[in-house]
2 protein chains.
Amino acid sequence: MKTLHLSLLIVILTFSVKGVSQSKTQDSTIIRSLYNTALTEGKGYYWLDHLSNEIGGRLSGSVEAEMAVKFTEEKLKELGLDKVWLQPVMVPKWTRGFKEYAYIQTGGDQKKVTDICALGGSVPTPSLGIKAEVVEVQGIEELASLGKEKLSGKIVFFNRPMDPTEIQTFVAYSEAADQRYAGAKEAAKYGAVGVLVRSLNLRMDDYPHTGSMSYGDLPANMQIPAAAISTNGANYLSSLLKLQPDLQFYYKMNCKTWDDVQSYNVIGEITGSTYPDEYIVVGGHLDSWDLADGAQDDGAGVVQSMEVLNLFKKIGYKPKHTIRAVLFMNEENGLRGGKKYAEEAKRKGEKHRFAIESDAGGFSPRGFSIDASDANFKKVQSWEPLFKPYLIHLFERGYSGADINPLKGNIDVLAGLMPDSQRYFDYHHAATDTFDAVNKRELELGAATMASLIYLFDTHGTK
Amino acid sequence: MKTLHLSLLIVILTFSVKGVSQSKTQDSTIIRSLYNTALTEGKGYYWLDHLSNEIGGRLSGSVEAEMAVKFTEEKLKELGLDKVWLQPVMVPKWTRGFKEYAYIQTGGDQKKVTDICALGGSVPTPSLGIKAEVVEVQGIEELASLGKEKLSGKIVFFNRPMDPTEIQTFVAYSEAADQRYAGAKEAAKYGAVGVLVRSLNLRMDDYPHTGSMSYGDLPANMQIPAAAISTNGANYLSSLLKLQPDLQFYYKMNCKTWDDVQSYNVIGEITGSTYPDEYIVVGGHLDSWDLADGAQDDGAGVVQSMEVLNLFKKIGYKPKHTIRAVLFMNEENGLRGGKKYAEEAKRKGEKHRFAIESDAGGFSPRGFSIDASDANFKKVQSWEPLFKPYLIHLFERGYSGADINPLKGNIDVLAGLMPDSQRYFDYHHAATDTFDAVNKRELELGAATMASLIYLFDTHGTK
C-alpha cells in the first residue's frame, strides 16, 4: 500500500488550495483509498473473530462483557490513537441461568418438548415451572376484547408474524416488536400467568429469538414470565391449538435480575487538527445477547467503528474535528451506555457535530438513514455521487441508532449505516448469530462506507 | 392472497383505458403484487431444495443433469402453462473420476497433502501421477520471458489473485479467469508438464474451485493436466517456494472426456394474448459443476426463472407476448444449450423481443446489466423509479448472460439480473455451493425483480 499512500499524499498536496472540481477529485481519491485499505489491510474481521469465538456472547454485567471491554481497549491502544479511555457506567445484570425447558401436553401424557428462551428482563417461573392452557392472540389490542374471563390463569401466546412483504425488514420488525416488549405487561393485567411470544424472525426455523421486554410500572407480584418460541414452534403450537384448544403448555425458566454492576463504554479518539473541541462519533454496541456470539448484533458494528479509526491512521488522514470511536455498553437491555455518553457530552459542553452508528449487521452496505434538518440532509445527500462506485445508493431520512440517539439536540447530524437487511433477522438475538454468518468483504465495505461519510463531513462540514 | 388479487383486478379494469399517471399506478400495483406473491407464495426455494439436496451437482451428461431435466419439466407442467417441452441438444460429457490426490514434497520424504480439483475439461495425469518442480507465475504473459529453458518439465503455478479492491466482484473474476481457462494451453507450449491455478475466490479458505478450461487447438499429445488449488493452499505453496524453490509437487487426477451425449433445454411458456409469435425469455442454466449442489450457480437462476411464470399465473396476469422460461443445459462447459436455443429461434424465425438471465447467484437483487441500443436502454432506464421501493438501483449497460447472449442480433434487449456480488465467489464452482448458502427472501426478491421488468417490457415494450 505504500505506493498508494504516496500518491494520495501528492493528490492532497496538489489540490489542497484549489477549487471545487479539484476538491471532488481529492474526495474521490481519499474515498477510493479508504475502500482499498479496508479491503486489503482491514483488521475488523480478525477482531470480530476474537470477539465472537474467543469471548462470545457479551450480555451487560457478564464476565464476557468485561473481557470485551478489555480486548477492545487494548486493540484501540495498539492503533496509536491520541487517546483511549473507559467511561464508567452502571449497567443492569440479568442472567438466564440453566437452560429453559418447555413442552406441549396434548393427550393425557403426550408431551412434545419445545425450544423456548426467556426474554431479557423476564422474571423466572416458579421453581416447579408453570403449566396452563394457552390462548393465542395476534397482538396486544386483542387482549381487551378477550378480557379477564378468557385470559385469567392462561398463558397468552402472541403469534403475529413479522410482515414478509415489507422490503425493509426493520420496518417489519418494529411493527411486530410490541408483542415482545410489552406483551407480558399487558397480559398480566388480565390475570394471565405467562406469555409466549413468536420469535421476531422472517425465516421458518427452530431457533427462539430473545430480546428485551419490560414490565413498566407493574408491581412485582403481578410480573409474569415471558418466553420466545421459534417460528416453527409457533406454527406448530398454533396448529395444535386448532385441533385441541385445551392443550397445556409447560415451561420452566431460571432467569434472574441482579443489582446493577459497574461497566464501561470504550472510547478511542484521533484529536482534530482544526477543531479539537468539536466531535464526530462512530459507534456500535459492545454488549450482545447471550444465546450466541453476537457477531452481527453488534460485534460487526463495534469492529467497523474501530476500523474507521484504523483506516484514517493507515492512509495518514489528519481529521479537522476530533473523531471518536465509541463502543457503547448495554444497548440491548437498558441503553445505559448511550445515555451516559450523551449525558457526559452535555455536562462537559462537548460540541458534537456528527454521529453515525452501525447496528444493523455487517452485511453489504446500501446507504444511510439520516436524522437531520432539511439543510443538513440536503448537504449529506449532495455527496451521494461520490458513493456510486461503491454501490451505495440509500440516502434516506430516518432513525439513526439507539446508542447515538440520546445525542439528539446537541448535534447537527445523526446517521445509521444501512446494510442489506434481508438476512439480518435470521440471526438477530438467536443462537445463529455467530461469526460464520459475517462475510469479510461485506464487513469491510461497511467500515469504508462509514469512514467515507465521516471524511466528507470532517472536510466539508454541514450547515 | 385472494383479496389482493381481486383488488389488482379492479385496478386493471379501472385504469386499463386511461392515461399515463393511471398507467404508472397500475404498474406500481402489479409490481407490488409480484413482490408480495413471491414473498408469501413463492415456490422457488422449495424447488431449489429438491434440485440441491435431492438431486445435487448436475454436470452436463450426468445422471443428475437428466434428473434435473425431468424434475423441472414436471414442475413446469404443474404450473398449468400453455406449453412445456424439452429441446434436444447434444452435450459434452466430462467426468472427474476418483477424487484427486496431491502433495507438496519439501524434504527427502516430507509430504504435505493438499486439496486440489481438476479443472473441467482437463486431461487426466498418467496413472502414476505427475511429480515435478513448480514455477510460480502471475499470469500467462510471464511465460514468454521464462521460456522453455525454465518451464520445460515443470508444473506452472498461476497465482495471480482476484483483485480484492474491485467492488464488482465479477470484474475481478473476469480479470483473473484467463489463467484458469487458457493457462494449460499456453504453458504446454513451453514444455510444462502440468498447471496448478489459484482458485478464483476472494476469500481465504481451503476449497479448490473448478471451472472450464480449454486446450484450444493444441494436439492431444501436448495437452497437460490442469488443477485448481485453494486460496490458502496457493498462499502456502507460494511461501514454501520462497524457502525451497526446488520443492516438488505431486498430483494424480482421473478425469475423462467421453463422447457427447443427448440432453435437453427445458422450456415452459405462457402464450401471448396479443403477440403470440413474439417472445420474451427468462432463463438460468440447469447444469452445474460437480463439487457441490450448484445451488447458487445456477440452481437459483433456474428456480427464479420458473418462479417468474408461477408469479404471472398466481396474480392472473395475461401477457401480451409469449413468455418463456428456458432452463439451459451445459452453460458451464460448452454453452451448447444457449447456442442451440438461439439456432432454433433463428431457424424458426421466432421474433425475440427481450431476454433476461439470472446467473450471478440468488443474493439480494441490486439491478440489471442491460445490453441494448441507446434508445432501448433509455426506455428500460425510465422504469427505474418503479423499482425504488424494492431497493433496486443498478441500471447499467453491460453484458447480460452466457446462455442468452447467442440471441444477440435477433432481439431488442438482453439483460442480466445483478444480485449483490460480494459473497458469490465464496461459493462459485466449489464444494461450498450448497443450498444453505441461499437465503429464501433474497431468492424470492430476485425472481420478483425479473418478473417486474418482464411485466414492464411486455406492457410498454421498447423501441
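Numbers restart at 1 for each chain; the letters A, B, ... are given by sequence-line order, proteins then strands.
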Can you tell if the side chain of [X] reaches within under 4.5 Å of the side chain of [Y], non-hydrogen atoms only?
{"X": "A/T165", "Y": "B/R32", "value": "yes"}
{"X": "B/L39", "Y": "A/L202", "value": "no"}
{"X": "A/L391", "Y": "B/Q168", "value": "yes"}

Worksheet item: Which heavy-atom pair separates B/P164 from A/T40 by the least distance, and what is that distance?
Response: CG-CG2, 3.8 Å
Discussion item. Quick check on B/R441 against chain A: is it the side chain, the backbone, both or neither that has a heavy atom closer than 4.5 Å?
Written reply: side chain
Worksheet entry | Segment of B/A448 engaging chain A (4.5 angstrom heavy-atom cut-off) | neither
Worksheet item: Under 6.0 Å from the OH atom of A/Y207, do we count more than 12 heavy atoms belonging to anything else shown?
Response: no
Discussion item. Nearest 0.5 Å, please: how far is CD in A/Q422 from CG in B/N439?
Written reply: 7.5 Å
Worksheet item: Distance from B/K440 atom NZ to A/R203 atom CZ, nearest 0.5 Å?
Response: 11.5 Å
Item to complete: Check side chain to side chain donor-acceptor pair (under 3.5 Å) between B/D420 and all other residues, then give those that pass, not counting sequence neighbours.
Response: A/S364, B/R366
Discussion item. Restricting to side chain to side chain donor-acceptor pair (under 3.5 Å), what partner residues turn up for B/E136, sequence neighbours left out?
Written reply: B/N159, B/S238
Worksheet entry | Contact leader toward chain B among A/M204, A/E442, A/R423, A/K388, where contacts are heavy-atom pairs under 4.5 Å | A/R423
